[in-house]
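Notes follow once the structure below has been shown.
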Protein chains: 2
Amino acid sequence: MQPRPHSTLEDVAKAAGVSPATASRALNGTTQVRPHLRERVLKAAEELAYTPNAHARALAGAAHRTVGVICHDVSDPYFAAVAGGIMRVASDHDLLVTLASTFRDPEREVAYVSMLRAERAAAILLIGSGFENPDWERALGAELEPYLKGGGRVAVVSRHRSLRVDTVLPENRAGAGAMARALLDLGHRRFTVLAGPRTLTTVADRVGGFRDELRRAGVALRPADIVESAFTRDGGYAAMTEVLTRGLDATCVFAVTDVMAIGAVAALRDRGLSVPADVSVAGFDDIPIVRDLTPPLTTVALPLQQLGERAIELALTENPGRRRRIHRMAGEVVIRASTAKAL
Amino acid sequence: MQPRPHSTLEDVAKAAGVSPATASRALNGTTQVRPHLRERVLKAAEELAYTPNAHARALAGAAHRTVGVICHDVSDPYFAAVAGGIMRVASDHDLLVTLASTFRDPEREVAYVSMLRAERAAAILLIGSGFENPDWERALGAELEPYLKGGGRVAVVSRHRSLRVDTVLPENRAGAGAMARALLDLGHRRFTVLAGPRTLTTVADRVGGFRDELRRAGVALRPADIVESAFTRDGGYAAMTEVLTRGLDATCVFAVTDVMAIGAVAALRDRGLSVPADVSVAGFDDIPIVRDLTPPLTTVALPLQQLGERAIELALTENPGRRRRIHRMAGEVVIRASTAKAL
DNA sequence: GCGCTTTCTGTAAGCGCTTTCCGAGTGCTA
DNA sequence: TAGCACTCGGAAAGCGCTTACAGAAAGCGC
């Protein structure tokens with residue numbers, strides 16, 4: 001006869017000559033069990049290579065030990081850094097982290113929330129920009145609502161608007177504004193902005209913050225100065241190439257993301273232009289690699305690890321009234337060698 | 001009265017005026033259910049925002065829809081790339097991915113396997129180097145064994161030796177050997193090797209492959225030419241600094257990892273040395289960023305995404321006899337501008 | 001050594017779902 | 001209209017665990 005795939009609590013109990021209840025108590029230490037019995041149970045468990053079935057446990061009412069994280073793409077360095085913070089905290093709390101990449105597909109995002117809901121995850125974390133499309137946000141909200149009602153905890157990073165949940169919010173507008181000021185101070189007056197998809201709130205905020213600050217200084221950003229592209233290295237490369245093809249008249253390029261800035265620099269190089277001698281380039285995020293580029297990238301530094309840490313801490317912290325807590329985190333302009341004084 | 005946190009199948013059944021059994025069948029489509037009943041069930045489920053409890057489902061015998069991935073550090077670009085491949089395939093199969101970072105702590109690794117075992121994950125994937133310490137590998141094997149016996153599937157990437165499980169193996173020895181040959185062809189005869197911790201099999205293989213190929217050409221690598229350090233950018237920086245401090249007499253630096261090579265280049269720069277004019281630098285892995293460095297890094301290119309894809313596919317593929325399947329993947333030397341002819 | 005409290009152990013219910021086993025309903029043929 | 005083969009729906013068991021609840025043992029003072 002085929003043996004049962006895993007040994008169960010009952011097997012252990014039988015082997016130790018006690019009841020399942022006692023075995024459970026001995027293993028979990030919920031109640032006092034006389035030492036010699038506890039010993040026997042532990043030994044039996046050891047010998048049978050017993051591992052409690054987490055599903056049975058969860059079903060029987062034990063606390064859930066999983067938190068779900070939904071991001072756009074695991075292999076994006078921005079997310080990797082944030083995830084690092086999340087994992088650190090999760091590991092301190094003995095939580096397992098379930099990760100899902102949406103590849104920027106809103107439907108997939110909703111589907112993942114649903115799966116995580118089915119798992120009865122202790123918390124769900126959404127990392128990265130939301131979508132400007134109200135329908136999608138509404139669908140997401142509808143999926144989240146019953147989860148929250150059922151005691152689930154949700155926190156989001158860098159995503160706001162419609163969702164009434166705990167939020168960790170990098171100050172995208174302010175950061176982009178500060179960057180605009182810094183670049184103006186360097187004497188730049190003509191800019192090209194490399195934007196990600198307008199459908200993302202993060203893009204809207206960063207572009208908006210940058211434009212507004214420029215306007216305040218009497219510098220206009222024309223629609224043609226803003227190029228939209230994918231939120232990736234190749235997106236940055238493509239956008240930059242497009243600009244170069246139709247003729248660059250800016251002295252400075254601001255990419256809404258470091259990853260895009262990296263692509264932009266590559267495109268500039270491939271056209272024989274030098275950074276910052278011919279064009280200055282600035283990014284946003286301060287992902288770890290950019291300080292090792294040549295030249296190191298000027299950027300708005302976000303505390304990426306902390307973004308993740310705060311998010312999971314927020315989600316794990318009791319919030320009786322279910323008030324929306326917003327934790328803003330400032331970015332700091334870091335001037336490195338990719339930007340120079342305008343000629 | 002406080003409502004039950006989540007609506008259950010029974011609630012749905014009641015609302016639809018059918019038995020739980022019928023509701024289950026309607027929702028899962030296991031058996032034919034008459035259209036009008038199925039309609040009613042679906043509608044009730046919709047209205048109640050019903051999400052099946054994955055735990056109950058798993059307990060009742062449904063297939064498990066989670067695969068566990070254990071890596072050293074999520075924020076390492078090497079892993080991020082491999083994870084990208086895993087997630088892609090997982091998403092095609094509607095699987096949820098649970099990720100754990102061990103931070104190179106073997107005990108934590110075992111603990112995570114145990115947690116994943118408790119979750120009855122459909123498969124467990126171990127990404128990244130194993131440990132040279134036989135005790136640790138044995139402990140890991142002991143944890144994995146009952147899981148395998150219980151029908152669990154395991155695959156590992158870039159990790160071998162003791163574990164008798166499906167393996168995706170980048171050809172570390174051969175790759176490092178090929179790199180040695182390429183560097184010899186450029187005229188280099190004096191090398192410094194930046195190694196990660198000797199306790200990792202990957203390090204041993206890469207250093208070994210490099211050394212052996214050198215020896216074959218009559219070039220000796222003295223112990224002092226090999227510097228051991230952490231497997232990170234800062235580790236590479238520190239190791240390079242140490243070498244520079246006591247005096248560099250090599251014309252070429254081989255770092256066993258791109259990430260370490262990046263640190264090495266930074267250290268060289270900070271000392272005013274230029275790459276490759278003063279020293280050539282080569283890495284291993286071909287993580288995406290290195291082609292955008294200045295100079296772009298010479299390295300051994302591994303198909304990182306594919307490593308992940310193969311691993312999960314291997315684990316998901318039936319393997320009746322439980323034979324150990326090894327899928328070797330070759331690396332390819334890519335000469336970029338960080339290496340030059342020796343003077 | 002008796003009765004009392006206190007501590008420990010076992011019995012049994014129940015978490016939410018799937019699935020087997022039947023009985024009831026349906027459609028077809030003669 | 002009776003008889004038969006099917007198709008569908010419901011009752012109930014059971015997945016492995018936790019946790020009241022209640023009963024047994026142990027400890028205490030007298």
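Any value given below was found using the heavy atoms of this structure, including those in side chains, with hydrogens, waters and symmetry copies removed.
The separation between A:Arg120 atom CZ and C:dC15 atom C1' is 11 Å, rounded to whole Å. In this structure, B:Glu119 places its CD atom 14 Å from P of D:dC17, rounding to the nearest Å. Atoms CD (A:Glu10) and C1' (D:dG14) sit 12 Å apart, rounded to a whole Å.
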Polar atom pairs between nucleotides 21-24 of chain D and protein, under 3.5 Å, N or O only, would you list them?
none

N/O contacts under 3.5 Å, protein versus nucleotides 4-8 of chain C?
residue : atom : partner : partner atom : Å
C:dC8   : O3'  : A:Arg34 : NE           : 3.4

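The only option from B:Val69, B:Leu304, B:Asp73 that meets the side-chain contact (heavy atoms from CB on, under 4.5 Å) definition with B:Phe79 turns out to be B:Val69.
A donor and an acceptor atom, one from each side chain of A:Thr102 and A:Arg108, are nowhere located under 3.5 Å apart. Between the side chains of B:Thr98 and A:Thr98, at least one donor N or O sits under 3.5 Å from an acceptor N or O. With hydrogens and angles left out, the side-chain atoms of B:Asn28 and B:Arg57 include a donor and acceptor closer than 3.5 Å.
Remark: side-chain polar atoms of A:Arg310 are not paired, donor with acceptor, to backbone N or O of A:His327 under 3.5 angstrom. A distance-only check finds no donor-acceptor pair linking the side chain of B:Thr167 to the backbone of B:Leu169 [under 3.5 Å]. Of the possible donor and acceptor atoms, one in the side chain of A:Thr317 sits under 3.5 Å from a partner among the backbone N and O of A:Glu313. Here the side chain of B:Arg120 pairs no donor or acceptor atom with the backbone of A:Ala54 at under 3.5 angstrom.
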Intra- and inter-strand pairing of DNA chain D, written as dot-bracket with Watson-Crick and G-U pairs under 3.5 Å and | for the latter, reads ||||||||||||||||||||||||||||||
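A close approach under 4.0 Å does not occur between any side-chain nitrogen or oxygen of A:Ser24 and OP1 or OP2 of D:dC17. Between B:Ser19 and D:dG10, a side-chain N or O to OP1/OP2 separation shorter than 4.0 Å is present.
Between A:Arg164 and A:Glu145 no salt bridge is recorded (no basic side-chain N to carboxylate O distance below 4.0 Å). The pair A:Lys14-A:Glu10 meets the salt-bridge criterion, since a charged nitrogen lies less than 4.0 angstrom from a carboxylate oxygen.
Note on residues 92-117 of chain A: no pairs pass ring pair (Phe, Tyr, Trp, His ring centres under 6.0 Å), not counting sequence neighbours.
A heavy-atom distance below 4.0 Å to DNA chain C is reached by these residues of residues 53-68 of chain A, ordered by number: A:Leu59, A:Ala60.
Candidate nucleotides D:dT18, D:dG16, D:dA11 were compared by shortest atom distance to the side chain of A:Asn28, and D:dT18 ranks first.
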Determine, stepwise, if the pair A:Arg159 / A:Glu137 fulfils salt bridge (Lys or Arg N to Asp or Glu O under 4.0 Å). CA-CA 11 Å; A:Arg159 166 166 203 153; A:Glu137 291 292 298; 2.9 Å; yes
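Under the side-chain contact (heavy atoms from CB on, under 4.5 Å) criterion, B:Thr199 pairs with B:Pro197, sequence neighbours left out.
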